[in-house]
Amino acid sequence: MSRVDQAGRAERRLVAMANDIADYFASAPDRATAVDGIVTHMRRYWVPRMRERICAHLAAGGAGLSDLARSAVARLGAADAPARPGDP
Amino acid sequence: MRGLGEADRGTPAARGAPVTLQIDACEVRVPAGTSVLRAAAEAGIEIPKLCASELLEAFGSCRLCLVEIEGMKGYPAACTTPVAAGMRVTTHGARLERLRRGVMELYLSDHPLAAIAAPAGGRSELEAMARVVGVQDVRYGFAGANHVAPLRADGQANPLHAPCDASNPYFSFDPAQCIVCSRCVRACDDVQGTFALTIQGRGFASRLVPGQDESFLASECVSCGACVQACPTGALLEKSVAALGPAERGIVTTCAYCGVGCSFRAEMRGETLVRMVPDKDGGANHGHACVKGRFATGYATHPDRILRPMVRARTSDPWREVSWEEAIAHAAQRFKDIQRRHGRDAIGGITSSRCTNEETYLVQKLVRAAFGNNNVDTCARVCHSPTGYGLKNTLGEAAGTQAFDSVMQADVILVIGANPTDAHPVFASQLKRRLRQGAQLIVADPRRIDLVRSPHVAARHHLALRPGTNVALLNALAHVVVAEGLVDEAFVAARCEAADFARWRAFIADPRHAPEASAPITGVPASEVRAAARLYARADNAAIYYGLGVTEHAQGSTAVMAIANLAMATGNIGRPGLGVNPLRGQNNVQGAGDMGSFPHEFSAYRHVADDAVRASFEQAWGVALSPEPGLRLPNMFEAALDGEFLGIYIEGEDLAQSDPDTQHVTAALEAMQCVVVHDLFLNETARYAHVFLPGSSFLEKEGTFTNSERRVSRVRRVMTPRNGHEDWQVTQLLANAMGYPMHYASAAEIMDEIARLTPTFRGIGHARLDALGSLQWPCNEAAPEGTPTMHVDTFVRGKGRFLVTEYVATREKVTPRFPLILTTGRILSQYNVGAQTRRTANAAWHAGDLLEIHPQDAEDRGIADGDCVGLESRVGRTTLPARVTDRVPPGVVYTTFHFPDSGANVVTTENSDWATNCPEYKVTAVEVTRVSRPSAWQERTRRLREDQAALLPEADRGSAG
């Protein structure tokens, strides 16, 4: 696999993972709680490099991200800080 | 033959109120329901016996344990006579001795002592009893009808004689030695629950037959060995005992196969393992075992073991055997070089669910403290990580709620996504025992697993759902509970978060979750779902058991939460007989998680961002630790292909066979600059390795395993490590070479550190385990004897938390090009990637992976049973033989992944659980076609395997595979 193919693949995986997380939190009572849940989840379980890359992907247009995932990644990028213990 | 040094009190323990009676000169106090035989044994009075064993209910056939009881006529059998208050029993005296001698003479007339003594090497109970009873001569002679001689006195063939059956690879049955005591039959029925053995014929013509008068191997016998252990004469005998002679010493240790964690006595002659005998006092197995744990230990001494460290610069170079010092220095230097050039985060490590807690703990410590990052993960990632996530967030602890023994108090048992008779056989035997006592069973599984219908066990409901629809089914079950007023309102009000429950109730009550609405998704008729939900919810005690059929899905974590919701809504948490019970795949999956193998967690599931927890580790380890989560296994592969993750230390896992999308995994391994494989064998992953560090088997090291019921049990060194080091010592060498000092003198010292740093392990240490046998965590000041049942008065998180579990269909969809769903699983005789079991005689039962396909799907494709078929998904293609069977429903195909060549994981995809990235092994859209030649991947891999074998030092050639 060439480096270019891989870069594409890696982005697609990150987008798919972000969308999967968003699908779960979509049933939160309101959008703010859903976004909060997704952001917290990414901070707790994604290495900083993965968070950086998904934010960069959004900055480059965010192709493939679901609407809710897009909102969450925007929030993640706005204030990414180390994860904190607490709710998922 | 019973375990070395094990006493046998004749009948099982009873639990009644104490009763006092007189036996000979002794006053004895025992629980009501105890037999006279056992009461005497507890008072130190040995009554001769042959057909009785404390692992079996009394049978009363051998007539050797006859006693006299005041006020009772004749000579009752002590084994079948229960004690009574004030009873006066005489166990010895001239009359009794004469009677016993008479009985024994009859036995010996058909089994001359000279013939019975030999095979069991002096440990035949018949021989011992003949001595105890004091038979001098046999008045009947030996010339009459008998089972021993192949020919009669007149030279004709003896119709009563049958030759020895040596068909089973591990034990033989010599009918000439058999006294027809039925211990074997009862062990097969009552202990194992397979009902493979029968006494055929009447009177003197009675004989033991497996199956329909077949050989042991051809019959339905599952080779658990319970019959062999029960046999008092050596008629059923381990071939290893016959070959090596009886053992000299026995050491109690813990099995290294599945998550049941059976306790065994390893019986040794010097450095040689003679046999494994399940320990009667084992908390998880109570003296029972399966074909893997009891028999499949030969891999430990298999010639394929690599015993000397090896290094090479490139993976195309020949391996070079080197000293431990050189191998370790080489690995450390490469790792340090990578970190200098590519940053601290460019390397990581994998802990193993097969290794001990101490070893696992040390590997994650190596990564966090010596590598200086949190890039540590474990194979628990790819099996039960959703269990940790789902249960932690609902109940508050990332573990099952019960002990295995709890099942004996369950009234309704829901088994979902688990196949215990194949994957957790010793627990399955206990489960079947409870079902035979009358508990009801619900099975939710796409396949008709054995539990659905087997001798004296039948599921009330088999919910044969489509793979990938667990959450829809669980929601439908919960909908019925809520809609039909079956919620345990008092429990929920007292024990659970009110707001979360209200939200969940509103969610689940929605008509879209009704069984009628979800039937088109799950394929399960609504009436069956409703009936199953009512059965579960109305039971006094209802227990859920689940396995990887729940976790290894895109919604694995959601399904675990749905299971917890269901149990909480019906009040089925917090006492014996119920609960949420994950069945762990490997021996130490629970322990791997407990020890802090996940990249975001320290031991006991505490997040690395928790300042107080991190500070405690920083202080103990003397280094600064990162508050950011590290890479998970699949993330490591992606990062490797991105050129950002270049070095890995892999202890005891075969990523190239066990992880999904094999070609992606091997591409990632190829992209790395330093792959260090620490394993028993040159496994598939080792083809991509630069450093090979030989591992030690569970028989060669000290430590502990933690099973599915949180039971921490000792693993003991019964032989010297053939590779020279226990695995924790190797990790320690590597840490020191990396510049981070470790100076543990023993595995016990490592456990002491774990206990100091882990609140739920505070009361656990090797000395306490040696004294108490085993301990279930949490074990600390609050629970010094451990915790068999969790969440008793309150949940670990305080109040139980209902979480909304919306069903989201997997993106892996059937299409005209890939119209079938592939799901994967395990078979009884083989284990995981097969590295151990393939190197034993277990191949007699399963010599290769097969693709199960429904007759309709087979016919549509012109496939006959045994045909070679191609299995193709959007990521890869392999070939394997087909087995046409209606165990799988139409539209679903199934295989195992025990053999590297069949390449099930070449086909599985990168899809994973949304929360944990646990791979979606259980759902892959595929097409199956008849083919005549192996796939390109198989041909390439075979060539590669041959090329790699040629790179081994001469002495080790033939080891790759």
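So that the names make sense, note that chain A is the first sequence line, chain B the second, and so on, each numbered from 1.
Across all non-hydrogen atoms, the minimal contact from B:Arg811 to A:Ala16 is NH2-O, 3.4 Å. Smallest separation of non-hydrogen atoms from A:Pro48 and B:Pro629: CD-O, 4.0 Å. Considering every non-hydrogen atom in both B:Leu803 and A:Tyr24, the closest pair reads CB-OH, 3.9 Å. Closest approach of A:Met50 and B:Leu631 over heavy atoms only: SD-CD2, 4.4 Å. A:His41 and B:Ala915 make their closest contact through NE2-O, 3.2 Å (heavy atoms, listed as atom of the first residue, atom of the second, distance). Of all heavy-atom pairs spanning B:Asn911 and A:Arg13, the tightest one is CA-NH1, 4.4 Å.
Going from atom OH of A:Tyr45 over to atom NE2 of B:His607 covers 6.0 Å, rounded to the nearest 0.5 Å. The CD atom of A:Glu11 lies 8.0 Å from the CG atom of B:Asp642; values are rounded to the nearest 0.5 Å.
For B:Arg344, the CZ atom counts as loosely surrounded, since its 6.0 Å shell holds 12 or fewer non-hydrogen atoms of other residues, nucleotides or ligands.
Taking chain A as the reference chain and counting heavy-atom pairs below 4.5 Å, the highest number among B:Glu806, B:Glu910, B:Arg606, B:Lys392 is found for B:Glu910. Chosen from B:Thr805, B:Val804, B:Thr916, B:Val608, the residue pairing most often with chain A at heavy-atom distances under 4.5 Å is B:Val804.
Scanning residues 502-510 of chain B against chain A with a 4.5 Å non-hydrogen threshold yields B:Arg503, sorted by number.
For B:Val808, the part lying near chain A is the side chain, with the backbone staying farther off; criterion is any non-hydrogen pair under 4.5 Å. Only the backbone of A:Ala28 has a heavy atom closer than 4.5 Å to any heavy atom of chain B. Heavy atoms of B:Asn917 lying under 4.5 Å from chain A belong exclusively to its side chain. With a threshold of 4.5 angstrom between heavy atoms, B:Ser912 approaches chain A through its backbone and through its side chain. Interface residue B:Glu644: only side-chain heavy atoms are found under 4.5 Å from chain A.
A 4.5 Å side-chain heavy-atom check between A:Arg51 and B:Glu628 finds at least one atom pair inside the cut-off.
Between A:Arg53 and B:Glu638, no side-chain nitrogen of the basic residue sits less than 4.0 Å from a carboxylate oxygen of the acidic one, so the salt-bridge criterion is not met.
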